[in-house]
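Comments concern the structure below.
Lettering of chains follows the sequences in order, A, B, ..., and the numbering in each one begins at 1. Source: prediction; values computed, not measured.
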Protein chains: 4
Amino acid sequence: MAVNSPDRTRRSERSRTAILTATRELIAEVGYAKLTIEAIAARAGVGKQTIYRWWSSKGAVVFDSILALSEQTDGEVALPDTGDLAADLKTVLRATAAEFADPAFEAPIRALNMELIADPELAELYREKLEKPVTEAKKRRLRAAREAGQLAADTDLDLFLEFLYAPLTQRWLLRSGPLDDAFADALVDATLRAFP
Amino acid sequence: MAVNSPDRTRRSERSRTAILTATRELIAEVGYAKLTIEAIAARAGVGKQTIYRWWSSKGAVVFDSILALSEQTDGEVALPDTGDLAADLKTVLRATAAEFADPAFEAPIRALNMELIADPELAELYREKLEKPVTEAKKRRLRAAREAGQLAADTDLDLFLEFLYAPLTQRWLLRSGPLDDAFADALVDATLRAFP
Amino acid sequence: MAVNSPDRTRRSERSRTAILTATRELIAEVGYAKLTIEAIAARAGVGKQTIYRWWSSKGAVVFDSILALSEQTDGEVALPDTGDLAADLKTVLRATAAEFADPAFEAPIRALNMELIADPELAELYREKLEKPVTEAKKRRLRAAREAGQLAADTDLDLFLEFLYAPLTQRWLLRSGPLDDAFADALVDATLRAFP
Amino acid sequence: MAVNSPDRTRRSERSRTAILTATRELIAEVGYAKLTIEAIAARAGVGKQTIYRWWSSKGAVVFDSILALSEQTDGEVALPDTGDLAADLKTVLRATAAEFADPAFEAPIRALNMELIADPELAELYREKLEKPVTEAKKRRLRAAREAGQLAADTDLDLFLEFLYAPLTQRWLLRSGPLDDAFADALVDATLRAFP
DNA sequence: CAGTAATCGAGACGGTACGTCCTGTCTTGAT
DNA sequence: ATCAAGACAGGACGTACCGTCTCGATTACTG
């Protein structure tokens with residue numbers, strides 16, 4: 001008994017791209033709370049059914065619209081490695097903090113985070129598809145540092161990264177403080193002190 | 001020409017309480033995404049206008065429903081002080097992590113956090129009204145530790161608390177890992193290493 | 001256990017009238033096949049729900065829009081009575097035939113007839129509410145003729161009226177022939193011959 | 001530049017028949033109002049385009065589905081001729097009335113009539129293709145009666161038939177009374193009195 | 001202690017968006 | 001070339017809620 005699922009080979013790439021782009025634009029323009037499927041369809045020049053055919057929820061569309069964005073840039077991610085771990089991490093964290101200053105970039109990711117908080121399955125998918133490659137790149141840099149004797153051999157790298165990034169993410173999401181270079185540097189210094 | 005703002009002295013306490021309780025119940029039952037003003041009104045046995053008269057948005061109702069909850073328990077908050085800072089912090093963090101296991105408690109606070117992420121003004125109000133007293137209590141304990149020489153005199157207590165709590169909050173919101181005693185302990189240990 | 005039916009006393013007369021008028025206008029303008037609830041609501045300046053709250057189907061709205069029309073004109077219907085039955089019936093049938101020439105009048109009634117053909121319950125309601133008073137007026141005229149000895153005492157008046165009107169209705173609905181005075185006269189003459 | 005009209009010689013007879021049968025079945029099952037092209041296509045095991053290629057509207061399909069039905073039975077239609085006109089007409093009218101008792105037969109013809117009322121062109125086509133041969137057969141019987149001196153020489157046969165059939169059709173379409181033998185007989189008797 | 005002015009429960013209202021269904025067109029691959 | 005299949009843009013459906021707006025019916029101050 002075949003489930004009546006759509007035929008992926010016949011999917012319109014033109015529509016898919018238009019929907020994803022329209023979604024990102026609309027989040028930046030009107031905000032996530034006022035984002036509607038109808039507006040996405042209208043902006044993309046697409047029937048609503050074409051959205052419902054391929055995505056199960058608004059969250060899923062938002063998710064894919066971010067995913068599509070990062071797939072452009074990616075390929076293989078790599079962190080800088082000058083040999084100076086502290087300096088390299090500061091470079092990365094400063095850059096990350098700076099990105100959040102641009103509303104056109106920030107708004108969709110904020111929207112995505114709200115979806116992830118609301119929907120555990122989507123959050124799991126996010127970790128697998130989007131976060132994992134980035135996390136792996138970060139871990140590669142940390143392992144290099146470990147081999148260079150700059151980190152203890154038994155350092156829990158996942159915990160290290162949670163420590164490094166969670167305060168930044170929290171400040172950004174709740175707007176509870178400035179995301180400046182000083183803060184980025186403080187995060188790196190404290191984290192390196194915590195995991196010597 | 002008088003501004004037509006409602007007369008607080010005539011407000012029905014019965015209705016206010018019923019609305020706040022209904023809100024918390026409904027979030028726990030159907031989730032925040034499916035929470036509607038009409039459902040709150042119906043559950044509380046209240047006219048919709050009574051909600052709109054006293055609250056400006058759904059977020060504000062959710063906010064107050066949490067506030068009301070914490071006002072029951074509070075009075076004056078105080079952290080344990082056995083003289084052993086690490087032990088005391090572990091006690092507190094373990095308790096905090098444990099609270100998140102109860103959906104009836106967790107769901108409304110998760111909902112509130114989504115509102116805070118979406119609405120900067122509400123987030124500011126939250127910090128002022130709800131977070132501040134708790135933060136102050138935590139800082140009092142840290143200052144006591146500082147005076148006992150267990151923390152450096154120049155420790156930035158706000159940053160200290162961000163480091164201590166942000167990883168916990170993040171794991172909880174995104175369900176990215178277990179909130180067990182081991183994790184709570186690791187956070188305390190790492191934070192104390194970071195701020196010697 | 002009370003069914004959640006709307007409170008008739010609070011119904012907006014303004015909306016009711018606007019909906020009924022818009023319906024008639026739209027049928028005349030775009031035809032019954034292209035009549036939509038959304039267009040009625042838009043034209044009437046009314047929410048769709050206000051239509052769905054008070055009418056169970058598009059047919060019911062069309063029905064009421066005709067009913068409202070005839071309630072304006074009615075009061076008490078009476079056929080002419082000059083003493084000459086044939087002449088009086090010809091006057092009435094010629095007038096009826098002539099009415100069908102005006103699209104603004106004809107189109108809504110055609111639409112109504114399609115609904116009656118499709119929906120037995122609506123047809124019954126139609127007979128009770130709209131047709132009966134008119135039929136009674138016609139029968140009164142026929143009874144007068146019977147008492148004047150112009151019709152047999154045992155004439156089946158309902159059958160008489162079916163014979164008189166059915167061919168006219170059929171020609172109009174199916175556009176199978178002209179609705180002119182000659183036809184009207186021929187119907188009267190033949191019917192009077194059939195029921196001497 | 002050739003007009004892109006389909007090549008009739010390559011038409012699939014299997015599909016044509018399946019579509020027409022499916023149409024009749026579906027009208028009987030779900031009613032005309034809920035009849036959809038997609039359902040016809042699915043039931044017939046046919047692509048939607050195959051329907052749109054060969055028919056211009058839903059009404060046209062319904063029309064042909066009835067036409068196909070009558071083409072099975074026809075060939076050459078002839079009314080009974082026992083020499084007794086009244087008796088023969090009663091036989092025919094009773095049979096006609098009886099046919100309307102079967103929903104599987106009645107529903108598609110009711111649907112067709114709704115289309116004819118809505119669409120003048122289709123009504124004309126109906127008269128030409130479906131009604132004419134039947135009407136001709138009836139007229140042949142009436143002419144025979146005329147020659148036998150049972151009808152006046154100047155009787156308008158078309159009007160005669162309208163008189164005979166319109167009340168029956170009307171009762172059936174609007175379900176305004178029983179279609180029994182007594183009614184059929186009364187129609188014949190009255191009509192013969194009207195056209196002596 | 002009646003008069004009166006507010007809040008209250010209730011829910012109708014004009015709207016917006018939802019998610020579904022169907023239309024009529026178009027594309028693909030098989031026959 | 002037609003066919004089965006079904007994706008597509010579009011539009012209407014009927015439903016759910018939104019936030020505003022009347023309605024009486026309490027309810028609590030005020031004259």
For the student: nearest non-hydrogen atoms of D:Arg110 and C:Ile117, plus distance
NH1-O, 3.1 Å

Got a sec? Which of residues 50-64 of chain D come in under 4.0 Å of DNA chain E, heavy atoms?
D:Tyr52

By side chain to side chain contact (heavy atoms under 4.5 Å, CB included), which residues pair with C:Ala39, not counting sequence neighbours?
C:Leu26, C:Thr36

Separation of F:dG11 atom C1' from C:Leu35 atom CG, nearest Å, is 15 Å

With B:Arg43 via salt bridge (charged side-chain N to carboxylate O under 4.0 Å, His left out) - residues at least two apart:
B:Glu25, B:Glu29

I'd like to check the side chain to side chain contact (heavy atoms under 4.5 Å, CB included) partners of D:Ala44; sequence neighbours left out, ordered by chain and number.
D:Ala18, D:Ile19, D:Ala22, D:Val46

Starting at the 5' end of DNA chain E, which residue's closest nucleotide do you reach first, A:Gln49 or B:Gln49?
B:Gln49

Which is more 5' along DNA chain E, the nucleotide nearest C:Val46 or the one nearest A:Ile37? Just name the residue.
C:Val46

Return the 5'-most residue of the pair D:Ala42, B:Glu38 with respect to DNA chain F, ranking by each residue's nearest nucleotide.
D:Ala42

F:dA12 C1' sits how many Å from A:Lys48 NZ, rounded?
10 Å

Closest to the 5' end of DNA chain F, once A:Gly45 and C:Ala39 are matched to their nearest nucleotides, is A:Gly45

Point-to-point distance, once rounded to the nearest 0.5 Å, from CE of C:Met114 to CG of D:Leu173
11.5 Å

Could you tell me which residues satisfy side chain to side chain donor-acceptor pair (under 3.5 Å) with C:Ser15, sequence neighbours excluded, listed by chain and number?
C:Ser12

With B:Glu13, which residues qualify under side chain to side chain donor-acceptor pair (under 3.5 Å), at least two apart?
B:Arg16, B:Thr17

Can you run down the side-chain hydrogen bond (donor to acceptor under 3.5 Å, both in side chains) pairs that involve residues 52-63 of chain A, sequence neighbours left out, and say none if there aren't any?
A:Trp55-A:Asp64

Sorted by chain and residue number, the salt bridge (charged side-chain N to carboxylate O under 4.0 Å, His left out) partners of A:Glu38 (sequence neighbours excluded) come out as A:Lys48

What is the distance, to the nearest angstrom, from the CZ atom on D:Arg43 to the C1' atom on F:dA5?
19 Å

Sub-4.0 Å heavy-atom contacts from residues 8-21 of chain B onto DNA chain F, ordered by number
B:Arg10

From the 5' end of DNA chain E to its 3' end, which nucleotides mark the outer limits of contact with chain D, defined by a 4.0 Å heavy-atom distance cut-off (strictly under)?
E:dC22 to E:dC26

By salt bridge (charged side-chain N to carboxylate O under 4.0 Å, His left out), which residues pair with C:Glu124, not counting sequence neighbours?
C:Arg127

Could you walk me through whether B:Leu130 and B:Phe63 satisfy the side chain to side chain contact (heavy atoms under 4.5 Å, CB included) test, starting with their C-alpha distance in whole Å, then the side-chain angles of each, then the deciding distance to 0.1 Å, before giving a yes or no?
CA-CA 10 Å; B:Leu130 269 165; B:Phe63 184 92; 4.2 Å; yes

